[in-house]
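The block underneath contains the structure these notes are about, expressed in structure tokens.
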Amino acid sequence: MTTPWPTRRTARHPLPPHVAAPREPVDPARIGRRVVRREAKGMDVGAVAAALEEARFDARQASRYEDLADDLRGPAELAEWERIAALLAAAGPSAVYDSDVDDVVQAELAADAAAVAAREAELREAVRIAARANHLQVLRDLGTLDQAEPAEGDEAVRDELTRRAGGYVPADVDAWLAHALAAHRGHYADPAAREAAAGVLAAPVLAHAALLGELLGLVPGADADQLAFVARLSATEPEAVGASRCHADGACA
């Protein structure tokens, strides 16, 4: 008789939620305008005038039904027929409608393309933040977070790790960011990056970094890790830390 091996137990962390691509909301009025443009393409002034009369008839019929009172597509289609009719009337009796040379349509297409590009950029950034958060979480589990070099966008990654923890701010991440700011490590070697971080990081993190910088300047041979009390002080009295720096620098009066 053999004894089965005990089940191995490992620490598990919940996986981050799947980052779904944002979808364009359904817009009935927009759909109606697109339908009209497809139908109107190649029509002359007379054909568009006939289609406009039909749209007006449909609108009068729809007005009799209460359940169509909130309909957005019908009024949008009527308004588009009216716009196209006016456009052709101004262009002359021999004009035909072509959405490819319609300034209104082309402006909408350009706006659509810009919106799509913005949504794709937002999705790429969300994926990047999730991947970076996964990486930092592994380092946290291994106890080697302090060895990681800060990278651009880690302030947003801090927010993601906080969200995953149910709103609990990870103290080790805050300490890591503060040490990196004080030592000008990695991404924070760039003064512009430090200035940008000052606008988004929490006050205790900034106070921690500022006080570390001041103390390291006073004791050049000291290691930031030897000043553990600084994190506690900056977390409990960030305003006092800031006041002490202003008093020392004379720049905040």
Side-chain angles (χ1 to χ4, degrees), residues 8-19 122 125-249 251-252:
R8 182 181 180 183
R9 296 180 178 270
T10 57
R12 293 177 177 267
H13 295 280
L15 294 175
H18 175 69
V19 179
E122 182 181 351
E125 178 65 5
V127 170
R128 186 197 67 78
I129 289 173
R132 176 68 170 168
N134 291 342
H135 175 66
L136 293 185
Q137 183 60 56
V138 170
L139 296 182
R140 294 177 69 199
D141 293 343
L142 296 174
T144 57
L145 178 61
D146 58 334
Q147 300 176 18
E149 288 294 310
E152 182 178 359
D154 277 348
E155 298 84 13
V157 175
R158 171 191 181 271
D159 295 339
E160 169 63 13
L161 289 171
T162 301
R163 185 195 64 78
R164 293 183 185 183
Y168 172 76
V169 178
D172 56 339
V173 176
D174 277 3
W176 170 66
L177 286 172
H179 287 195
L181 273 172
H184 299 178
R185 284 179 52 198
H187 175 57
Y188 294 130
D190 183 359
R194 297 196 297 274
E195 183 178 354
V200 293
L201 284 174
V205 180
L206 299 175
H208 186 178
L211 193 52
L212 275 175
E214 293 292 331
L215 293 176
L216 290 175
L218 293 174
V219 188
D223 190 304
D225 291 333
Q226 298 173 348
L227 304 174
F229 72 93
V230 175
R232 296 192 294 271
L233 177 60
S234 59
T236 56
E237 296 292 342
E239 294 181 359
V241 172
S244 67
R245 290 193 67 226
C246 290
H247 178 73
D249 296 342
C252 301

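Computed from a predicted model, the values in this text were never measured in an experiment.
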Task: Over all atoms of both residues, closest heavy-atom pair of Ala202 and Arg158 - done: CB-NH2, 3.7 Å
Task: Rounded distance [0.5 Å steps], CD in Gln147 versus CG in Leu145 - done: 9.5 Å
Open item on the list: Which heavy atom of Ile129 sits nearest to which heavy atom of Ala156, and what is that distance?
Closed with: CD1-CB, 3.6 Å
Open item on the list: Can you confirm whether more than 12 heavy atoms, excluding those of Glu155, are under 6.0 Å from its CD atom?
Closed with: yes
TODO: Report yes if some heavy atom in the side chain of Asp174 is under 4.5 Å from a heavy atom in the side chain of His208; otherwise report no.
DONE: no
Open item on the list: Testing the basics here: between Glu160 and Ala133, what is the closest heavy-atom pair and its distance to 0.1 Å?
Closed with: CG-CB, 3.8 Å
TODO: Taking Arg185 for its side chain and Ala148 for its backbone only, find out whether a donor-acceptor pair lies under 3.5 Å.
DONE: yes
TODO: Considering non-hydrogen atoms only, spot the tightest contact between Asp146 and Trp176 and give its length.
DONE: CA-CD1, 3.9 Å
Open item on the list: Once rounded to the nearest 0.5 Å, what's the spacing between atom CG of Leu201 and atom CZ of Arg194?
Closed with: 13.0 Å
Task: Closest non-hydrogen atom pair, Ala209 against Ala182 - done: O-CB, 3.5 Å
- [ ] Indicate the atoms forming the closest heavy-atom contact of Thr162 with Pro170, along with that distance.
- [x] OG1-CD, 3.3 Å
Task: Rounded distance (nearest 0.5 Å) linking atom CG of Asp159 with atom CZ of Arg164 - done: 12.0 Å
Open item on the list: Test side chain to side chain contact (heavy atoms under 4.5 Å, CB included) on Leu136 and Val173; report intermediate values, then the result.
Closed with: CA-CA 9 Å; Leu136 293 185; Val173 176; 5.6 Å; no
TODO: Look up atom CD in Gln137 and atom CG in Leu161, then write down how far apart they are to the nearest 0.5 Å.
DONE: 6.0 Å
- [ ] Could you tell me whether a side-chain N or O of Asp190 sits under 3.5 Å from a main-chain N or O of His187, the two making a donor and an acceptor?
- [x] no
TODO: To the nearest 0.5 angstrom, please state how far the CG atom of Asn134 sits from the CG atom of Leu139.
DONE: 11.0 Å
